*Asks:* 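There's a structure below that I have some questions on.
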Amino acid sequence: MVVAIGLVSLLSMRAGAESLFGPSVEVRPPANATSTPHESLTGISCTTTACVAVGSYETTSRAGVPMIATRKPAGWTRAIAASLPADHATAFSASALTGVSCPDATSCVAVGSYEDTSRSVLPLVAIESAGTWGTGFTIRLPSSPGANELSRFSSVSCVAVGACTAVGSFIDQHGTPALLAASAASGSWSTGTRIALPPGAGTRPRALGSVGLDAVTCTDATDCVGVGAYLDGAGSYLPIHVKEVSGVWRAAARAGLPAGTPAIGSAALDSVSCIAVGNCVAVGYDTNSAGRMAPVIERESGGAWGRVVAIGFPAMFATPIAGSLNAVACTKRYCTAVGSIVATDGTVIPVVLVDDGGHWQPLQRLGSLPTADPHPRASVLAGIACPASNTCVGIGGLGTATTQGAFTSSVAMATRITPVRPIVDPAPPSHVAAKPGPGRLSVSWMPRGDGGSAVSSFTATASPGAASCASSATSCVISGLDDGTRYSVVVTAINAHGTSRASAPSPGEVPGTAPSAPRGLGIIRSHDRAALHWQASTASPGDPVTRYVVTAAAAGVPARRCASSKTSCALEGLTRRAAYTVWVVAYNAVGASARSAERRFTSL
């Protein structure tokens with residue numbers, strides 16, 4: 001299901017240098033667009049050098065006109081209006097291009113529908129050849145319709161220039177909605193083919209949309225897969241897939257829905273992508289047991305489709321009203337799907353879903369929006385194409401919406417997304433600290449970016465020398481160090497890609513033990529001074545005592561200190577008749593000893 005749209009450019013990024021999403025920019029409609037924007041881009045196709053997106057816009061005369069936007073290396077051009085057949089309606093018409101496929105950089109086929117002067121809606125085909133778009137045309141339908149015909153193409157897939165298949169829906173001469181497919185060989189389009197619906201299909205006369213194929217992808221000129229939905233006899237709207245095998249379309253088959261789907265509900269498959277015959281992924285939506293529309297995926301493997309699987313809503317979306325996946329593109333390594341979530345306040349949030357190596361990651365929110373409208377009520381991703389490894393281009397847009405998520409205006413936008421996070425070396429750790437001990441340093445650090453792959457271990461290395469330790473946590477102990485030698489430490493991180501640069505070195509620290517507390521403190525008093533002496537402290541080899549500090553403290557008077565590298569010093573400037581408490585502390589390169597036993601004296 002696609003709601004109001006615009007354009008998203010999902011380009012690859014410098015590894016580790018930027019966010020996986022954004023920045024976003026607005027894509028301009030044709031110059032004659034109405035001042036209240038109503039632009040919609042719903043189909044996109046890319047080659048390695050260019051992308052083409054198609055949709056519709058509203059002119060100043062309130063006519064709905066198909067438009068085409070192109071992305072060149074320099075960026076997105078202003079969209080142009082597509083040329084319609086001579087019999088198109090000129091006032092209050094509803095015409096649009098909804099799908100496009102480009103087999104090379106200057107050859108594309110776009111499809112959709114247009115309204116003629118009799119107010120019939122007809123399939124529309126437009127062709128770009130050698131970089132120039134021709135006037136659109138329609139095709140012959142499988143049967144002769146009555147008045148006020150309703151028919152359309154939704155999607156097209158070209159495997160080569162002039163070799164294309166389009167799908168959609170039409171209303172037959174009895175007013176019954178039906179599935180539609182048509183193909184081009186050497187540029188010549190066939191009469192449309194009617195594809196049989198599953199057994200028990202219901203009818204809603206003249207209701208375009210109660211039956212339809214929304215997407216098609218072809219692996220060669222005669223083998224294609226389409227997806228969509230139909231109305232069954234009980235009144236449920238159910239997902240389907242169809243296959244063309246060796247040029248023959250088989251009857252549509254109903255997709256298996258998740259457990260808990262209501263007996264009467266609504267579900268559809270809106271997009272499909274195949275990397276080989278019998279190996280496809282489809283996306284869409286389903287009504288879950290809570291009655292909310294939720295995004296779903298379905299995978300085909302070895303020619304057999306599995307059951308539709310619901311994608312859970314991450315906690316960041318907090319009880320959304322609804323959600324859907326609107327488009328998917330797959331390469332041999334990954335699939336990327338895009339869509340939207342409707343929050344409880346009616347805000348429409350664009351989302352991305354990535355399957356990397358067979359595992360679907362959680363839905364991710366697209367947070368980057370054009371700065372011209374930083375707080376839109378609604379923003380949607382509606383389609384995607386992946387022209388190169390880890391490089392995708394999709395479509396989306398933003399605008400204002402009602403509290404139920406319906407757009408009241410919309411503009412096209414472009415943003416950058418990298419589907420699979422690049423794997424590079426991790427960032428170097430930070431905040432490295434070392435705490436000394438006898439012959440060792442206890443090292444700690446803080447990890448930083450993992451480079452796209454989980455860090456498996458860290459290595460801390462002391463200098464001078466090459467003693468080290470390794471850990472998968474954020475600390476380890478380097479042993480075998482020389483007491484009394486000052487060491488600094490650097491830390492590296494290791495992931496599947498490689499080893500980080502070394503961290504900034506830690507402040508220098510000296511292994512060993514602090515001195516023992518001095519003993520035998522003696523005092524000799526004289527006028528306003530006191531001479532003190534004590535026994536030498538013991539220290540670990542290589543970490544000799546470098547100084548002693550004596551402190552004398554008394555209530556109401558300043559403390560007095562003296563320091564010495566020997567086992568004696570004198571306190572000067574004592575206050576007469578003050579009651580002092582005195583102690584001594586020894587220091588070496590490792591640290592400070594405990595205080596000596598305190599002595600008390602009254603100054604003379």
Side-chain angles (χ1 to χ4, degrees), residues 431-446 460 462-465 467 469 475-490 504-604:
H431 297 82
V432 180
K435 182 178 180 181
R440 67 178 184 270
L441 289 174
S442 297
V443 186
S444 63
W445 57 88
M446 290 181 61
S463 179
C469 61
S475 64
C476 65
V477 177
I478 302 177
S479 302
L481 302 177
D482 295 330
D483 290 347
T485 299
R486 184 172 296 276
Y487 292 91
S488 62
V489 178
V490 296
S506 69
E509 298 290 352
V510 180
T513 57
S516 63
R519 301 175 62 186
L521 179 59
I523 304 169
I524 301 174
R525 297 176 297 165
S526 61
H527 179 68
D528 75 0
R529 72 189 299 271
L532 298 99
H533 56 88
W534 55 87
Q535 296 176 13
S537 298
T538 59
S540 57
D543 292 316
V545 173
T546 55
R547 64 190 173 110
Y548 297 91
V549 176
V550 177
T551 302
V557 299
R560 290 287 181 260
R561 292 181 177 83
C562 64
S564 174
S565 59
K566 300 178 180 181
T567 56
S568 63
C569 68
L571 292 167
E572 307 285 352
L574 298 177
T575 301
R576 295 183 66 187
R577 296 185 178 84
Y580 284 94
T581 300
V582 64
W583 65 88
V584 61
V585 174
Y587 292 86
N588 70 358
V590 176
S593 72
R595 289 183 180 182
S596 66
E598 294 178 349
R599 292 286 305 274
R600 290 176 175 81
F601 70 93
T602 301
S603 59
L604 300 177

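Just so we're clear, the structure is a prediction, and the values are computed from it rather than from any experiment. Both backbone and side-chain heavy atoms feed into the values below; hydrogens, waters and symmetry mates do not. Along the sequence shown, residues carry numbers from 1.
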*Asks:* Rounded to the nearest 0.5 Å, what's the gap from CG on Leu481 to OH on Tyr487? Could you check?
*Replies:* 4.5 Å
*Asks:* Between the side chain of Asp483 and the main-chain N/O of Gly439, is any donor-acceptor distance below 3.5 Å?
*Replies:* yes
*Asks:* Using 0.5 Å steps for rounding, measure from the CD atom of Glu509 to the CZ atom of Arg440.
*Replies:* 13.5 Å
*Asks:* Between Ala517 and Ala594, what is the shortest heavy-atom contact and its length?
*Replies:* CB-O, 3.4 Å
*Asks:* Consider side-chain contact (heavy atoms from CB on, under 4.5 Å). Of Ser596, Pro544, Pro515, which one does Ser537 pass it with?
*Replies:* Pro515
*Asks:* Check the pair Arg600, Thr581 against side-chain contact (heavy atoms from CB on, under 4.5 Å), reporting the backbone distance first and the verdict last.
*Replies:* CA-CA 5 Å; Arg600 290 176 175 81; Thr581 300; 3.7 Å; yes
*Asks:* For a quick test of reading the model, state the closest non-hydrogen atom pair linking Val510 to Val590 and the distance between them.
*Replies:* O-CG2, 3.4 Å
*Asks:* How close do Ser593 and Pro518 get, counting heavy atoms only, and between which atoms?
*Replies:* OG-CD, 3.7 Å
*Asks:* I want to check something: taking the side chain as every heavy atom from C-beta on, are Val443 and Val432 in contact at a cut-off of under 4.5 Å?
*Replies:* yes
*Asks:* Grab the two heavy atoms, one from Thr575 and one from Tyr580, that are nearest each other, plus how far apart they are.
*Replies:* N-OH, 2.9 Å
*Asks:* Return the OG1 to CZ distance between Thr551 and Arg595, rounded to the nearest 0.5 Å.
*Replies:* 7.5 Å
*Asks:* Could you tell me which non-hydrogen atom of Pro438 sits nearest to which non-hydrogen atom of Thr513, and how far apart they are?
*Replies:* CG-CG2, 3.5 Å
*Asks:* Working note: Leu571 + Cys562, criterion side-chain contact (heavy atoms from CB on, under 4.5 Å); need CA distance, chi angles, decisive distance, verdict.
*Replies:* CA-CA 6 Å; Leu571 292 167; Cys562 64; 3.9 Å; yes
*Asks:* Check Trp583 against Val585 and note the closest heavy-atom contact, atom names and distance.
*Replies:* CD1-CG2, 4.1 Å
*Asks:* Should Val490 and Ser463 count as side-chain neighbours, where that means a heavy-atom distance under 4.5 Å?
*Replies:* no
*Asks:* Distance-only, no hydrogens or angles: does the Arg486 side chain make a donor-acceptor pair with backbone N or O of Gly508 under 3.5 Å?
*Replies:* yes
*Asks:* State the NE2-CG distance between His527 and Leu574, to the nearest 0.5 angstrom.
*Replies:* 10.0 Å
*Asks:* Return yes if some donor-acceptor pair links the side-chain N/O of Ser568 with the main-chain N/O of Leu532 below 3.5 Å, else return no.
*Replies:* no
*Asks:* Quick check for you: to the nearest 0.5 Å, what is the distance between Thr567 atom OG1 and Arg519 atom CZ?
*Replies:* 14.5 Å
*Asks:* What distance separates Leu604 CG from Arg576 CZ, expressed to the nearest 0.5 Å?
*Replies:* 8.5 Å
*Asks:* Under 3.5 Å, side chain of Tyr548 to main-chain N/O of Ala536, donor-acceptor pair present?
*Replies:* no
*Asks:* Within the side chain of Arg599, is there an N or O that forms a donor-acceptor pair under 3.5 Å with the backbone of Leu521?
*Replies:* yes
*Asks:* Which is it for Val550 and Trp534 under the side-chain contact (heavy atoms from CB on, under 4.5 Å) test, yes or no, and what are the steps along the way?
*Replies:* CA-CA 10 Å; Val550 177; Trp534 55 87; 3.6 Å; yes
*Asks:* Under 3.5 Å, is there a donor-acceptor pair between the side chain of Asp528 and the main chain of Gly573?
*Replies:* no
